[in-house]
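The next block holds one structure in the form of C-alpha cells; read it before the comments.
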Amino acid sequence: MAKELKGVQVFAPATVANLVCGFDVLGMALQQPQDVMTMRLREEPGIVISHADGYDLPVEPEKNVAGASLLALMEEYPEKVGFELIIDKRIKPGSGLGSSAASSAGAVVGANHLLGNPFTKEDLVRFAMNGEKVASGVKHADNIAPCIYGGVTLIQSIFPLNIVQLTAPPMYVTVVHPQIEVRTSDARQILRKEVQLKAAIKQWGNIAGLVAGFLKNDYDLIGRSLEDVIIEPVRSILIPGFDDVKRKSKDAGALGGGISGSGPSIFMLSREEYVAKGVEDVMIDVYTRLGIEFKTYVTMINYEGAKVISEV
Ligand SMILES: Nc1ncnc2c1ncn2[C@@H]1O[C@H](COP(=O)(O)OP(=O)(O)OP(=O)(O)O)[C@@H](O)[C@H]1O
Ligand SMILES: N[C@@H](CCO)C(=O)O
C-alpha cells in the first residue's frame, strides 16, 4: 500500500475587491464565507486536483486556478515535488466574492506549509496571481493579497509587486449574492479603456480619502469616500436591484458600499451590528420582490487571511 504523505487542511476566505473606488488596487478579507481545501504531498511530481463540491470546475492543473498557482510555485522550488488537492468550494465561482482567489491563495498557502515555509507572503501572492490570469485573463492581486495577508490591502503596484497592508477599524460587512453568474473576464471587457480627467480627479480623491479614513479610524470619511464614478456606472447595469439595495441600505444607516469585485454580489459596510442586520433585511426585501434567488451574509473583516487549520 502507498504510504500517506504529510497533509493539511486550509481555510481560505472570501474577499471584496475594489472596495468601490479602488478598482484593481484595494481589497478586504471577510470572515465568511470560506473555502476549505485538503492538500497532500505526493511521491510523484505533478498536481492531482479533485473537487468535493458540486461545481463543474476544471481539474487539469493549468486550467484550474489552484493548479496554475501551484505550477508557478513549483517552478521556483529547487526540488521536484507533487501535490494532491481536494477543493471544497463554499464560495460560489463567479460570485464576485473572490472565489478564484480563495482557491489560488489557499493552494499556495497549503503548499508553502507542506514544504516547510520556504516562501514569503509576497512570493505567495506572486504565484497566486497566475490563478487570476486563468480566471479573468489579467494578473490582478486585489483579491489575492487580502486573501493571503488578511485585513485590507492596497496594491500600490503590480509590476513590481508592492503590497501595503492597511489598518482598518472594526466594521460589519453585509453581502447579498444574487444567484446569477457574472464572469470577471466579461465584466472587465465591458469597461471603457479611457477615463475623463474630471472623473479621474474625483476617483483618486475618493481612493485617498478611503485609505486615510481606514488609517485614521474615521468612519465618516470612509462613508464619504465610498463612491465610484468610473466602474460602477458601467457594471451595475449587469446587476438587477443594485440601485435599490444601495439607496435603501444607506437610508438604513450603512456607511456605504457597492459592487463586490466584478459582481453580482453587493456589499455594504456598517459601524454597528444592528445596522448591518437592517441592511440584510433591505437586501432580502429587494431580491424577494424581484423574484431572484439570493444568499446573504452578515460578517466582519477577517484579519488573518488564508491559513492552515490542521494537519491531516
Ligand atoms: N478552483 C477554482 N475556483 C473558482 N473558479 C475557478 C477555479 N478554477 C477555475 N475557475 C474558473 O474561474 C472563473 C471564476 O472566477 P471569477 O473571477 O469569474 O469569479 P470570482 O472569483 O467569484 O469573482 P471576483 O474575482 O470578481 O471576486 C470561472 O470561469 C471558473 O471556471
Ligand atoms: N479588480 C477585479 C476584481 C474581480 O476579480 C475586477 O473588478 O475586475
Side-chain angles (χ1 to χ4, degrees), residues 13-23 27-35 53-57 65 89-103 132 135-136 142-143 146-147 171-191 226-228 230-270 275-300 302:
T15 43
V16 173
N18 302 329
L19 290 179
V20 183
C21 48
F23 180 69
M28 172 188 277
L30 304 181
Q31 287 182 6
Q32 288 299 328
Q34 302 217 15
D35 270 5
D53 48 53
Y55 299 119
D56 185 22
L57 291 170
V65 299
K89 291 210 80 65
R90 316 268 171 99
I91 312 165
K92 196 169 175 184
S95 58
L97 290 171
S99 176
S100 49
S103 282
E132 293 296 61
S136 68
D142 50 341
N143 289 104
C147 193
M171 271 179 290
Y172 290 88
V173 190
T174 316
V175 177
V176 62
H177 174 199
Q179 303 289 295
I180 51 176
E181 187 180 350
V182 175
R183 280 170 193 259
T184 302
S185 48
D186 298 337
R188 291 184 82 89
Q189 261 176 7
I190 61 169
L191 298 176
L226 285 168
E227 178 198 30
D228 171 8
I230 296 175
I231 310 293
E232 185 181 288
V234 182
R235 282 187 172 171
S236 59
I237 293 159
L238 303 174
I239 309 172
F242 177 81
D243 292 337
D244 248 9
V245 166
K246 205 173 146 183
R247 184 173 41 81
K248 291 178 179 168
S249 297
K250 281 189 159 179
D251 289 347
L255 296 168
I259 303 171
S260 179
S262 59
S265 292
I266 305 169
F267 80 103
M268 300 300 301
L269 299 178
S270 304
V275 174
K277 288 189 170 156
V279 169
E280 184 184 32
D281 292 338
V282 163
M283 293 168 167
I284 292 171
D285 182 60
V286 169
Y287 283 99
T288 306
R289 280 171 197 269
L290 284 172
I292 296 173
E293 272 187 58
F294 61 92
K295 209 171 162 114
T296 56
Y297 303 90
V298 179
T299 184
M300 293 193 82
N302 171 331

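Heads up: numbering here begins at 1 and tracks the sequence.
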Interatomic distance, [X] atom [atom1] to [Y] atom [atom2] [nearest 0.5 angstrom]:
{"X": "Ile237", "Y": "Ile190", "atom1": "CD1", "atom2": "CD1", "result": "7.0 Å"}
{"X": "Ile259", "Y": "Asp228", "atom1": "CD1", "atom2": "CG", "result": "7.0 Å"}
{"X": "Ile230", "Y": "Leu191", "atom1": "CD1", "atom2": "CG", "result": "10.5 Å"}
{"X": "Glu227", "Y": "Glu232", "atom1": "CD", "atom2": "CD", "result": "9.0 Å"}

Please check: side-chain N/O of [X] versus main-chain N/O of [Y], any donor-acceptor pairing under 3.5 Å?
{"X": "Ser99", "Y": "Gly94", "answer": "no"}
{"X": "Ser103", "Y": "Ser100", "answer": "no"}
{"X": "Tyr172", "Y": "Lys277", "answer": "no"}
{"X": "Ser260", "Y": "Gly96", "answer": "yes"}
{"X": "Thr184", "Y": "Ser136", "answer": "no"}
{"X": "Glu181", "Y": "Gln179", "answer": "no"}

Open item on the list: Between Lys89 and Asp35, does any side-chain N to carboxylate O distance fall below 4.0 Å?
Closed with: yes
Open item on the list: Please determine whether a side-chain nitrogen of the Lys or Arg among Asp285 and Arg289 lies less than 4.0 Å from a carboxylate oxygen of the Asp or Glu.
Closed with: yes
Side-chain contact, heavy-atom cut-off 4.5 Å: [X] with [Y]?
{"X": "Met283", "Y": "Lys248", "answer": "no"}
{"X": "Tyr287", "Y": "Glu293", "answer": "no"}
{"X": "Arg188", "Y": "Ser262", "answer": "no"}

- [ ] Let me see the working for Gln31 and Thr299 under side chain to side chain donor-acceptor pair (under 3.5 Å), right down to the final yes or no.
- [x] CA-CA 6 Å; Gln31 287 182 6; Thr299 184; 4.6 Å; no
Task: Verdict with reasoning, Asn143 to Glu132, per side chain to side chain contact (heavy atoms under 4.5 Å, CB included) - done: CA-CA 9 Å; Asn143 289 104; Glu132 293 296 61; 3.9 Å; yes
Task: Candidate list Leu97, Val20, Asn18, Val279, test side-chain contact (heavy atoms from CB on, under 4.5 Å), partner Phe267, passing option - done: Val20
